[in-house]
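Down below is the structure, laid out as structure tokens.
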Amino acid sequence: MKRALIVVCGLLFISFQGAKAQSCDSVLQSAIKLMDNRQYHDAQRCLTSAISQGMDSLALHYELAWCHYSMQDYKKCVSVLEPLLKRDDVLADVYQLLGNAYDETGQSGKAVSIYEQGLKKFENAGCLYLELGNMKYQNGDYKNALYYYEKGIEADPMFASNYYRAALIFFASTEEVWGVMYGELFMLLEKDSERCKSMSRELYKIYSEEISFGRSGAEVDFDSPTIVYSNSSVRPNLFPESFRSAMRAAVKGERILDLASLNRIRQRFAREFSANSSSFANVLSDYHQELISQGHFEAYNYWLFGYGNPKLTASWVNANKTKWDSFLAWFEKNPISINPSNVFSRYTME
């Protein structure tokens, strides 16, 4: 589970006077700093003292629960969180952490019940779909894990973790096409994290494995002819077919796959897919077109796949410093925006 920090104390408990809200914020920042330094007992004392003095912010209780969770005292974590479910200002993160604490105590059934209870109250909570997917994944039920991850993507399309988990499942399947789409979207939503770096390596590996070169030319193999969807019905694999067709056109003329050739392939793919697959227009393809129009697509491809070959990436960046810096400045100011109307999933691409 990725930690979610609840920080707006004054809004969470509006009866506090301004000075007390400020004091709450100071306590939170001090406690968080202590926990970041693994000084959990000191953080616990700090938070407990503030609560005993009348600071009843949801954020303080949540951070105290997180402190117990970090110390692997899951029963105390549960005891702090359970009363919070009755509050009017409860958030989905409380259900997530409570369910995780129950799971850690071996009560997986109770954990699932908590996640489902949370979804009844917060039907678009990507974090709760994630945890339900993780429960299925842990039991080897990858099909139903995908069901929850992809439901989470559609319900909360700016929440990165569901893309990450879905991509990893598809990387281990014969349907890598969905993995490369979900994986790239994940990187655009969670830039610069360790998981982002890992995904960069995975994407480079998958492209390298699924695009091969022989005497008769290049071969592309990102999918199988049909796919069994999460709801158990079998449907034509139409989006992957369009993806494959555009990729086959894009690899023509290439003899090897490295960062430079991969950039050229993706440049041609973006044009080909946009021109011939209008029925499968999607938020990622639109973002590619924006990058191309701004002259940043080459730099973006080095960013995307850079950890797949750090040495060559560093060499390119050193030789193209102005281009790289210009891309990074634009990239920071122009993040991808995904909402329910443009969300990408297997089901929106039927």
Side-chain angles (χ1 to χ4, degrees), residues 2-8 91-93 96 122-130 133 148-168 170 177-200 202-203 239 242-243 246 263 266-267 269-271 273-275 277-306 323-350:
K2 187 174 181 179
R3 180 185 187 188
L5 174 61
I6 307 170
V7 295
V8 191
L91 299 177
D93 306 286
Q96 181 186 24
F122 302 99
E123 59 184 17
N124 294 324
C127 63
L128 298 178
Y129 283 109
L130 171 72
Y148 285 112
Y149 295 146
E150 291 179 307
K151 286 284 287 185
I153 286 169
E154 293 183 355
D156 193 358
M158 291 295 285
F159 181 74
S161 291
N162 283 308
Y163 294 92
Y164 178 80
R165 300 294 302 189
L168 294 185
F170 281 114
V177 58
W178 302 109
V180 298
M181 296 295 289
Y182 287 145
E184 186 169 345
L185 286 165
F186 162 74
M187 287 184 63
L188 286 167
L189 294 172
E190 190 177 292
K191 301 174 184 175
D192 302 323
S193 69
E194 288 304 313
R195 291 198 305 179
C196 184
K197 296 172 185 177
S198 173
M199 184 59 70
S200 173
E202 284 295 316
L203 285 172
F239 174 84
S242 291
F243 182 98
N263 171 62
R266 280 173 50 91
Q267 294 268 4
F269 172 86
R271 291 194 297 270
F273 190 87
S274 178
S277 302
S278 58
S279 61
F280 294 115
N282 62 81
V283 64
L284 184 56
S285 294
D286 290 345
Y287 196 68
H288 288 170
Q289 294 304 316
E290 188 175 359
L291 283 157
I292 290 169
S293 70
Q294 297 296 322
H296 295 311
F297 199 49
E298 181 182 18
Y300 168 75
N301 282 323
Y302 276 91
W303 172 83
L304 186 71
F305 299 107
K323 186 183 291 188
W324 179 250
D325 289 344
S326 177
F327 158 68
L328 291 180
W330 181 90
F331 201 36
E332 183 177 356
K333 294 178 181 178
N334 296 273
I336 194 169
S337 178
I338 314 176
N339 56 62
S341 69
N342 70 358
V343 62
F344 178 92
S345 78
R346 288 189 296 168
Y347 304 103
T348 60
M349 290 294 107
E350 291 178 356

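Hydrogens, waters and symmetry mates are skipped; everything else that's a heavy atom, side chains included, is used.
- W330 places a side-chain heavy atom less than 4.5 Å from the side chain of E290.
- A search for side-chain hydrogen bond (donor to acceptor under 3.5 Å, both in side chains) contacts involving N339 returns S341, not counting sequence neighbours.
- For E154, the salt bridge (charged side-chain N to carboxylate O under 4.0 Å, His left out) criterion is met by no residue, not counting sequence neighbours.
- R266 has its side chain within reach of F297: a pair of non-hydrogen atoms, C-beta onward, lies under 4.5 Å apart.
- The stretch residues 323-342 participates, sequence neighbours left out, in these salt bridge (Lys or Arg N to Asp or Glu O under 4.0 Å) pairs: E298-K323, K321-D325.
- F239 has its ring centre less than 6.0 Å from the ring centre of F344.
- Here S200 pairs with M187, Y307 under the side-chain contact (heavy atoms from CB on, under 4.5 Å) rule; sequence neighbours left out.
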E150 and N162: CA distance, side-chain angles, deciding distance, side chain to side chain contact (heavy atoms under 4.5 Å, CB included) verdict: CA-CA 7 Å; E150 291 179 307; N162 283 308; over 6 Å; no

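- In this structure Y148 satisfies the side-chain hydrogen bond (donor to acceptor under 3.5 Å, both in side chains) test with no other residue, sequence neighbours excluded.
- Summarising the geometry, atom OG belonging to S285 is positioned 11.5 Å from atom CZ belonging to F280; distances are rounded to the nearest 0.5 Å.
- Among residues two or more places apart in sequence or in another chain, the side-chain contact (heavy atoms from CB on, under 4.5 Å) test is passed with I338 by P157, M158, Y163, L185, L189, V283, I336, N342, V343.
- With rounding to the nearest 0.5 angstrom, the NZ atom of K191 is 15.0 Å from the NZ atom of K197.
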Residues L291, N301; criterion side chain to side chain contact (heavy atoms under 4.5 Å, CB included); working and verdict: CA-CA 10 Å; L291 283 157; N301 282 323; over 6 Å; no

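- Between the CH2 atom in W303 and the NE2 atom in H296 there is a gap of 14.0 Å [rounded to 0.5 Å].
- By the side-chain contact (heavy atoms from CB on, under 4.5 Å) test, A155 pairs with N124, Y129, sequence neighbours left out.
- Atoms CG and SG, on L188 and C196 in that order, are 8.5 Å from each other to the nearest 0.5 Å.
- Within 6.0 Å of atom CD in E123, 12 or fewer heavy atoms from other residues, nucleotides or ligands are found, so the atom counts as exposed in its surroundings.
- Not counting sequence neighbours, the partners of Y300 by the side-chain hydrogen bond (donor to acceptor under 3.5 Å, both in side chains) test are E184.
- Judged as a side-chain hydrogen bond (donor to acceptor under 3.5 Å, both in side chains), and not counting sequence neighbours, the contacts of Y149 are N134, R165.
- Inter-residue side-chain proximity for N334 and Q294 is flagged as unmet; no heavy-atom pair is nearer than 4.5 Å.
- In this structure, the ring-ring contact (aromatic ring centres under 6.0 Å, His included) partners of F327, at least two apart in sequence or on a different chain, are W324, F331.
- You'll find the side chain of Y164 stays beyond 4.5 Å of the side chain of E190, heavy atoms only.
- Note that the OG atom of S198 and the CZ atom of F186 stand 8.0 Å from one another [nearest 0.5 Å].
- Under the 3.5 Å distance criterion, the side-chain polar atoms of Q267 are left unmatched by any main-chain donor or acceptor of I292.
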Evaluation steps, side chain to side chain contact (heavy atoms under 4.5 Å, CB included), between F170 and R346: CA-CA 12 Å; F170 281 114; R346 288 189 296 168; 3.6 Å; yes

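- The side-chain heavy atoms of S345 and Y182, taken from C-beta on, include a pair separated by under 4.5 Å.
- Note that CG of N282 is 8.5 Å distant from NE2 of H288, once rounded to the nearest 0.5 Å.
- With sequence neighbours excluded, the residues forming a ring-ring contact (aromatic ring centres under 6.0 Å, His included) with F269 are F243, F273, listed by chain and number.
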